Structure formats: structure tokens, C-alpha cells
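Below is the structure I would like to discuss, written out as C-alpha cells.
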Amino acid sequence: MKTFSAFITAHAKAIVAIWLIIFLAMAYFALQLPGKLQGDGFFVEADHTYVTNELAENFDLPSDTILIVFDPAEDQQMKDTLKKLDSIKDIHSIQSPLEDSSLRKDDIAYAMVHLKNDVENLSDIVENVRSLIEEDGVSITGGPVISADINTASQKDLASAEAIGLPIAIVVLLLAFGTVIASILPIIIGVVTVVTAFGIMTLLSGSVNLSIFVLNIVPMLGLALSIDFALLFINRYREERAHTSIVQAIQTAIQTAGRSIIFSAVCVMIGLGAMIVIDVEIFHNIALGGTIVVLLAVLSGLTLLPATMMLLGDKLNKWRLIRIKPGGANRWRGFAGFVMKHPIAIVISALLLLGIGMLPLKDIQLTIPQVDSLPTKYDARAAYDKLDETFGLGESSTLYLLAERKEGWEDAEGRELIYAIQEKLLKDSLVTNVSTVYTAANIQTPEELSTSLAIPQIAEQLKSVMNTFSKDTQLFIPITIDAAGSSTTAQKFARSWMDQDLGVDFALGGPAKFNQEIFDEIANKIVLAIAIIIVSTFFILMLAFRSILIPLKAIIMNIIGLSSAFGILVYIFQYGHFGIEAGPIVLIIPVIVFCLVFGLSMDYEVFLISRIQEEYLKGADNTHATIDGLTSTSRIITSAALIMIVITGAFAFTDVMPVKQIGVGIAIAVAIDATIIRLMLVPSLMKLFGDWNWWLPFSKKSK
């Protein structure tokens with residue numbers, strides 16, 4: 001690090017110039033990122049995807065549909081509106097309520113606009129449809145529309161969160177540093193980091209499918225970490241600048257705070273990397289985007305930040321608005337002394353508080369985000385709710401059974417097998433309808449079908465019906481069940497039927513199967529992801545502090561703290577408090593918050609314990625080392641945590657529910673970690689365990 005720090009101070013102007021060029025180039029690409037984002041990232045390469053692709057390719061079944069809602073439903077208006085859509089070449093077909101009475105009820109009707117399967121940019125089609133019919137007073141909804149609106153809402157959310165979070169972050173930095181320049185510089189570093197990350201992701205979008213949620217998660221993480229790193233770095237620089245030159249102070253800050261920044265980034269990236277084992281696209285997106293922005297935060301924090309500080313010199317302290325009083329350290333020392341005198345009472349109180357926070361966790365309900373990710377003020381949400389209320393769209397769902405038989409399905413044995421599958425499905429109490437050649441042609445038995453096929457006039461019509469459901473070696477059967485596709489009941493149905501013996505190879509597709517695959521993939525891999533994080537963290541901390549107890553305590557306390565945070569999240573969102581509409585927790589939230597916060601919290605753990613260890617190795621006893629470490633780090637830990645809370649918590653005021661839950665979840669978890677865990681439990685347990693804190697088997701005593 002000495003050579004590196006000397007290089008930075010010697011080439012400060014060149015480093016700032018290079019970063020400026022990179023920033024301007026990446027800003028050009030960053031502006032294009034919203035148009036490159038598609039879908040919500042809930043995608044897993046499994047049976048549902050296979051069935052959907054096969055049905056689209058071989059049976060011409062559309063995979064995306066836009067719903068046009070007419071309220072009130074007037075025949076001439078519906079006819080005129082649907083006529084306008086003839087100019088859109090990407091439309092496969094239209095089911096009109098003028099021809100299908102099931103699409104009309106009371107004074108409300110809707111048309112189903114099926115899109116071609118080779119459409120590349122669904123958002124463009126949505127905007128095209130909207131522009132053509134916007135004067136007709138109708139609404140549109142459906143999967144492509146909801147995704148497009150979530151993308152729009154995500155962009156608005158990012159702007160509103162920044163408008164709330166960044167000014168408050170500046171205030172926190174002013175309270176920490178006292179001067180305008182020192183307070184604004186971390187914000188500038190954060191913006192450069194995030195914009196550069198967005199530019200890189202735009203360049204990668206041609207080869208990687210990117211979820212619309214990265215638009216919020218990447219800046220949330222990038223801004224918070226960049227500002228935290230800058231806060232740590234500038235604080236250490238100021239300590240050194242008090243008794244040495246600018247060059248030496250910056251070099252020392254790089255060599256000391258720089259190590260902490262790198263360690264913190266490694267811990268966060270372990271959490272991000274662990275998500276890769278869960279084979280769901282959104283986790284891969286977050287791992288990719290998060291890793292890019294964390295690496296850039298480290299790179300900018302160790303190059304652009306010190307280089308800029310070199311050029312500013314003592315102007316870093318220009319425009320002082322607040323004078324930092326030196327008495328703050330004495331107050332923290334008094335607090336640390338109080339903790340050392342009452343460790344048992346504090347441990348019991350802290351665990352009691354955390355236990356109370358955990359209580360709602362027993363009621364947690366997880367779901368994959370649907371249309372309810374959007375607030376009701378969006379037309380797509382209001383239109384869907386209206387259809388759901390009128391037509392009961394969410395009361396049932398359809399699965400598609402795709403069977404493969406090398407002999408085909410037109411011989412007598414194949415026809416009998418179709419009938420056997422149909423009857424077995426109909427015996428299931430959850431199945432309300434099965435569509436096959438038998439139900440479509442109103443034929444009761446295989447014998448009756450064989451007899452009808454022997455009559456030339458009837459055979460031609462029947463073969464046309466049969467071709468609807470079978471092509472060459474493939475057969476597909478739509479199955480309607482009396483359960484919403486997102487329900488646990490529907491998932492159990494899909495899971496149980498995959499274990500059935502139907503006498504032929506088959507796969508299932510449809511919303512219920514899609515949800516079942518997502519849930520099962522996360523359930524099957526989450527233990528592995530957590531194990532990777534815990535084991536990696538344990539060995540890193542063990543090597544860093546040459547201790548068994550310190551990493552064990554850190555991991556256990558992190559798990560307890562995160563469990564309490566998840567319980568509070570359930571209390572707020574699932575129970576519906578603080579003006580939040582009651583609803584389940586989005587499935588990905590516990591995974592994302594655990595993986596991210598587990599790494600972030602290690603930053604505070606290392607910063608605190610390393611200062612305690614430093615004093616301990618100098619000769620102080622365990623109690624005095626803990627007091628000194630807590631006194632010297634409490635202010636900076638509190639400031640860093642407060643910035644993290646402000647940046648992520650600002651997303652509480654956004655519209656897209658998954659983003660809101662992620663922001664609030666991280667903010668709560670960090671708040672618990674930086675207060676109850678780091679300022680109460682850690683020092684109390686350090687006091688109680690005494691010199692055993694520094695015990696490592698087969699190692700010479702540290703002191």
C-alpha cells in the first residue's frame with residue numbers, strides 16, 4: 001500500500017483527469033440504461049420456460065398479452081378502438097369482447113391483445129398501443145404494461161429517493177465534518193461511482209438480461225457505500241493532518257483506512273457472490289450490478305477521492321458552517337464506561353429488545369411480486385384491479401401440460417393415453433377444466449373418437465381439432481385449477497403433479513409452475529448461500545483478529561439482529577402499519593437484505609474490533625482496550641450508519657413495493673446493527689469474555 005499511496009499523491013492531476021473522462025463517457029451510456037431493462041428478474045431456466053417456448057414455437061401460443069379495458073363498454077367504441085391496432089405489426093391476434101361474451105360483464109369489457117413471440121422490446125409496443133388509443137378513454141393492463149409501468153416508476157423512485165436522501169446525507173456529513181467542501185466531496189464520489197456503474201451495465205446489457213430493479217438497488221448500494229468509504233477516509237485523513245503534511249496524511253489514510261475499505265468491500269462482495277448460487281435471474285443481476293458498483297466504490301474511494309483531496313489541499317476545510325466540539329469523545333467515553341460497568345444488564349436488555357422485534361417473524365408470508373408492486377395511482381394497477389373484481393382473474397389459473405411421445409398422438413394407443421391423462425387430471429378436486437380433443441369435440445370415450453375418425457366427413461374436422469392440441473410428437477393440455485397462480489395451493493398442485501406417472505414424459509408450465517420453481521429454487525439454495533457467507537466471514541474474521549470467539553459472536557449477533565429486522569419488516573408491511581397497505585413480503589427481500597447487510601455490518605464490526613485490538617496489543621487490558629476502541633470509533637460508526645440509513649431508508653417514500661421493502665429492510669437492519677449490536681452487545685460481550693476474546697487454538701498468546 002505504501003507504493004500505491006505514493007503513486008496516488010504523485011499523479012493526482014492525471015488521476016482526476018482520467019476519472020473525468022471515464023465519468024463523461026459512462027454518463028452517455030448510463031442515460032440509455034432504463035431502455036435496456038426488461039422484466040422483473042423473476043426468471044429461472046426450468047420447465048415453465050421450456051414449456052412456454054415450445055408452445056410459442058410449435059403451437060403458436062402467444063407468451064405476452066395486453067388487456068384493453070372498456071368502462072363503460074360501448075360496441076362502437078370497442079370496434080373503433082380495436083380497429084386502430086391494425087397498424088401494429090407485432091400483434092399476433094385479438095380476442096374481442098364483441099365476439100367473446102366471456103370478456104364482457106355488466107358494463108365492463110376487455111379485449112386480449114396477443115403479441116407475437118419474436119417481439120424484442122415489449123415496452124415500445126406498450127407505448128405504441130397507448131399512443132394509439134389514449135384519446136379513447138380506455139385503460140390498458142397486463143404483464144407487459146405492468147412491467148413498463150414498474151420501469152417508469154423505478155426511474156421516478158430513484159429521482160425521489162435521491163431528492164430525499166442526498167440532502168439529508170449532506171446534513172449528516174456536515175455534522176461529522178463541519179465544512180461544506182468536505183461534506184459535498186463524498187456525494188460527488190458517490191455520484192461518479194453510480195453513474196459509471198450504470199454505464200458499464202448498459203454496455204453489458206447486450207449479453208445479459210437486466211431486471212428493472214437494478215435501477216434502484218445499484219444506486220442504493222453504490223451511494224451508501226461510496227459515502228461511507230469517503231467518510232471513513234476523510235476522517236482518518238483529518239486525524240493525520242493534525243500533525244503531518246497533506247501528502248503524508250493522504251498516504252497514511254490510504255494505508256490505514258484504505259485497508260478497512262478493501263476489507264469492507266470484500267465482505268459485501270461475499271454476500272453478493274453468495275447470491276449467484278440461487279439460479280434466479282434477479283439475484284444474478286443484483287450480484288453483477290452490486291459487484292460492479294462495490295468495486296467502483298473501492299476504486300474511486302482509493303484513487304479519485306485522495307487525488308481530489310490532494311488538489312484541494314486545506315481547501316477541504318473551506319466554508320465551515322459547524323464547529324465540531326471536542327467534548328464528543330468524552331461523552332462516548334462515559335457511555336463506554338457505563339457499558340463496562342453493567343454488561344449483564346445490557347446484554348439482557350439488548351436481547352430482550354431484539355427478541356420483541358423477532359416476534360412478528362412467525363407470521364411472515366412471502367410472495368413473488370405481481371401487479372400489487374405498483375401503487376393504485378397507476379392506470380395499469382387500477383385497470384387490473386377492476387378486471388379482477390369483475391371477472392375474478394385471480395381466482396383461478398391455467399397450467400399447460402406438455403407431453404412428448406416419440407410415436408406421436410394420432411394412433412389408437414396415443415388417443416387412449418390422451419384420454420387417460422385427461423381423466424386422471426379431472427379426478428383431482430382442484431381441477432375445474434381440462435382441454436383436449438375429447439372436451440373440445442364433446443366426445444366421451446376413445447372408442448367414440450375412433451368411430452368418428454372412421455367417417456371421412458367428420459374425420460377432417462376432428463383432425464383440425466386434434467392439431468390444435470398435438471403436433472408431431474408433442475401434446476399440450478391446458479388445465480384450469482381453482483386457485484390463484486401465486487397461491488401456495490397452486491404451487492403444491494404443480495409440485496405434486498410433477499411426481500405423477502402419466503405413462504409418458506411431460507413438463508408443466510404456467511403461473512403456478514413458474515411460482516413453484518422460483519420458490520423451490522430459493523428454498524433449495526438459500527442454505528448454501530447463507531453457509532458460504534457465514535463460513536467465509538468466520539475465516540476472514542478469524543485470520544484478521546486471530547480469534548475464535550470474535551467471529552462466532554459477530555455471526556451470531558448478525559443473525560439475531562437480522563432476524564429482528566425481518567420481524568419489524570413484517571410488522572410494518574405485512575401487518576400494515578405507518579400508513580402502509582398491508583401485504584405479504586416480497587420473496588427476494590429476506591435473501592437480498594441478509595446477503596447485503598451481513599457484509600455491510602462486518603464493516604462496523606471490523607472498524608470497532610480492530611481499534612480495540614490495536615489498544616489491546618499496545619498493552620491495555622481487555623476492558624480499557626474496549627473502552628478506548630468504543631470511544632474512538634463510535635462517532636464515525638454512528639455517522640456512517642446514519643448515512644446508510646438515510647440513503648436506503650429514503651426508498652421508503654417510493655412507489656414500487658419491492659424497492660420500498662428492500663430500502664426499509666436495509667435501513668432497519670443497519671440501524672439495529674449500529675446501535676443495539678455494535679454499541680451495546682459487542683462491548684458488553686467483550687467485557688464478559690475478557691481475555692478469552694483473543695484466544696486462538698495452537699497459537700501463541702496475543703498478549
Side-chain angles (χ1 to χ4, degrees), residues 42 44 46-55 58-59 61 63 65 102 365-368 370 388 391-405 408-409 412-450 465-466 468-471 473-524 584 587:
F42 283 87
V44 58
D47 284 358
H48 168 74
T49 301
Y50 166 74
V51 171
T52 301
N53 292 339
E54 289 295 307
L55 293 181
N58 299 329
F59 294 91
L61 262 65
S63 55
T65 300
S102 67
Q365 297 175 3
L366 301 173
T367 186
I368 294 175
Q370 310 286 337
D388 189 23
F391 296 92
L393 295 184
E395 295 175 3
S396 63
S397 61
T398 300
L399 289 96
Y400 297 96
L401 186 151
L402 182 66
E404 188 89 26
R405 183 172 181 264
W409 299 92
E413 186 178 344
R415 296 195 296 269
E416 288 178 2
L417 188 54
I418 294 172
Y419 183 78
I421 294 172
Q422 170 191 294
E423 292 305 294
K424 189 168 186 176
L425 285 166
L426 288 172
K427 287 179 181 178
D428 193 305
S429 60
L430 203 62
V431 175
T432 58
N433 185 57
V434 175
S435 297
T436 66
V437 62
Y438 293 99
T439 58
N442 197 25
I443 292 176
Q444 303 302 317
T445 64
E447 292 76 18
E448 184 180 342
L449 178 58
S450 297
V465 175
M466 291 174 67
T468 302
F469 298 101
S470 63
K471 295 281 178 67
T473 60
Q474 291 184 327
L475 166 78
F476 93 92
I477 301 177
I479 309 162
T480 303
I481 61 173
D482 188 20
S486 59
S487 67
T488 303
T489 302
Q491 292 174 38
K492 287 181 179 178
F493 176 88
R495 195 177 292 113
S496 65
W497 270 92
M498 288 309 300
D499 296 329
Q500 297 286 335
D501 182 9
L502 299 183
V504 67
D505 292 334
F506 72 97
L508 288 176
K513 181 62 178 171
F514 164 77
N515 284 287
Q516 173 254 309
E517 289 173 346
I518 296 288
F519 269 86
D520 287 358
E521 176 64 20
I522 294 176
N524 293 337
L587 178 63

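Any value given below was found using the heavy atoms of this structure, including those in side chains, with hydrogens, waters and symmetry copies removed. This one's a predicted model, so the numbers in the text were calculated from it and none came from an experiment.
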#### Entry: Residues forming a side chain to side chain contact (heavy atoms under 4.5 Å, CB included) with Asn58, sequence neighbours excluded
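Asn58 satisfies side chain to side chain contact (heavy atoms under 4.5 Å, CB included) with Glu54, Gln474 once adjacent residues are dropped.
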### Message
How long is the straight-line distance from OG1 of Thr468 back to CG of Leu61, given to the nearest 0.5 Å?
### Response
10.0 Å
#### Entry: Distance, nearest 0.5 Å, that separates CG of Leu502 from CG of Leu417
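One gets 8.0 Å once the value is rounded to the nearest 0.5 Å.
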### Message
If I take atom CG from residue Leu587 and atom CD from residue Glu521, how far apart are they, to the nearest 0.5 angstrom?
### Response
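Leu587 atom CG to Glu521 atom CD measures 11.0 Å (nearest 0.5 Å).
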### Query
Got a sec, which residues hit side chain to side chain contact (heavy atoms under 4.5 Å, CB included) with Glu416, two or more places apart in sequence or on another chain?
Pro446
### Task
Supply the atom-to-atom distance Ile443 CD1 to Arg415 CZ, rounded to the nearest 0.5 angstrom.
10.0 Å
#### Entry: Validation row: Leu475, Arg405 side chains within 4.5 angstrom (heavy atoms)
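No, their side chains stay 4.5 Å or more apart.
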### Query
Which pairs, with at least one residue in residues 503-515 and sequence neighbours excluded, count as a side chain to side chain donor-acceptor pair (under 3.5 Å)?
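Sorted pair list: Lys513-Gln516.
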### Query
Where do Glu448 and Tyr438 land on the side chain to side chain contact (heavy atoms under 4.5 Å, CB included) test, with the steps shown first?
CA-CA 9 Å; Glu448 184 180 342; Tyr438 293 99; over 6 Å; no
#### Entry: Glu413 atom CD, neighbour heavy-atom count above 12 within 6.0 Å
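No, because the 6.0 Å sphere around CD of Glu413 holds 12 heavy atoms or fewer from other groups.
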### Query
Do any N or O atoms from the side chain of Thr398 and from the backbone of Pro478 form a donor-acceptor pair under 3.5 angstrom?
no
### Query
Got Ile479 and Trp497 here, is their nearest side-chain heavy-atom distance under 4.5 Å?
no
### Message
Quick one, Gln422 and Ile477 - any side-chain contact, counting heavy atoms below 4.5 Å?
### Response
no
### Message
Any heavy-atom pair between the side chains of Phe391 and Ser102 that's under 4.5 Å?
### Response
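SC-SC contact between Ser102 and Phe391 ruled out.
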### Message
A side-chain contact here means heavy atoms from C-beta on lying under 4.5 Å apart; do Ser397 and Ile481 qualify?
### Response
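Yes - at least one pair of side-chain heavy atoms lies under 4.5 Å apart.
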### Message
Can you confirm whether Val51 sits close enough to Phe476 that some side-chain heavy atom of one is under 4.5 Å from a side-chain heavy atom of the other?
### Response
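No, their side chains stay 4.5 Å or more apart.
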### Query
Quick one: CG on Asp47 to CG on Leu402, what's the gap to the nearest 0.5 Å?
9.5 Å
### Side-chain heavy-atom pair Thr436, Ile421 within 4.5 angstrom cut-off
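Side-chain contact under 4.5 Å: no.
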### Partner residues of Phe519 under the ring pair (Phe, Tyr, Trp, His ring centres under 6.0 Å) criterion, sequence neighbours left out
none
### Message
Ignoring hydrogens, what is the shortest heavy-atom contact between Ser487 and Ala484? Give both atom names and the distance.
### Response
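So the two residues come closest at OG-O, 2.6 Å.
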### Query
Is there side-chain contact between Phe514 and Thr52, with at least one heavy-atom pair below 4.5 Å?
no
### Query
How close do Asp428 and Leu430 get, heavy atom to heavy atom, and via which atoms?
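Closest approach of Asp428 to Leu430, heavy atoms only: OD1-N, 2.9 Å.
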#### Entry: ring pair (Phe, Tyr, Trp, His ring centres under 6.0 Å) against Tyr400, all qualifying residues, sequence neighbours excluded
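Testing Tyr400 for ring pair (Phe, Tyr, Trp, His ring centres under 6.0 Å), a comparison that skips the adjacent residues, returns none.
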### Query
What pairs with Val437 under side chain to side chain contact (heavy atoms under 4.5 Å, CB included), at least two apart in sequence or on another chain?
Leu449, Val465, Met466
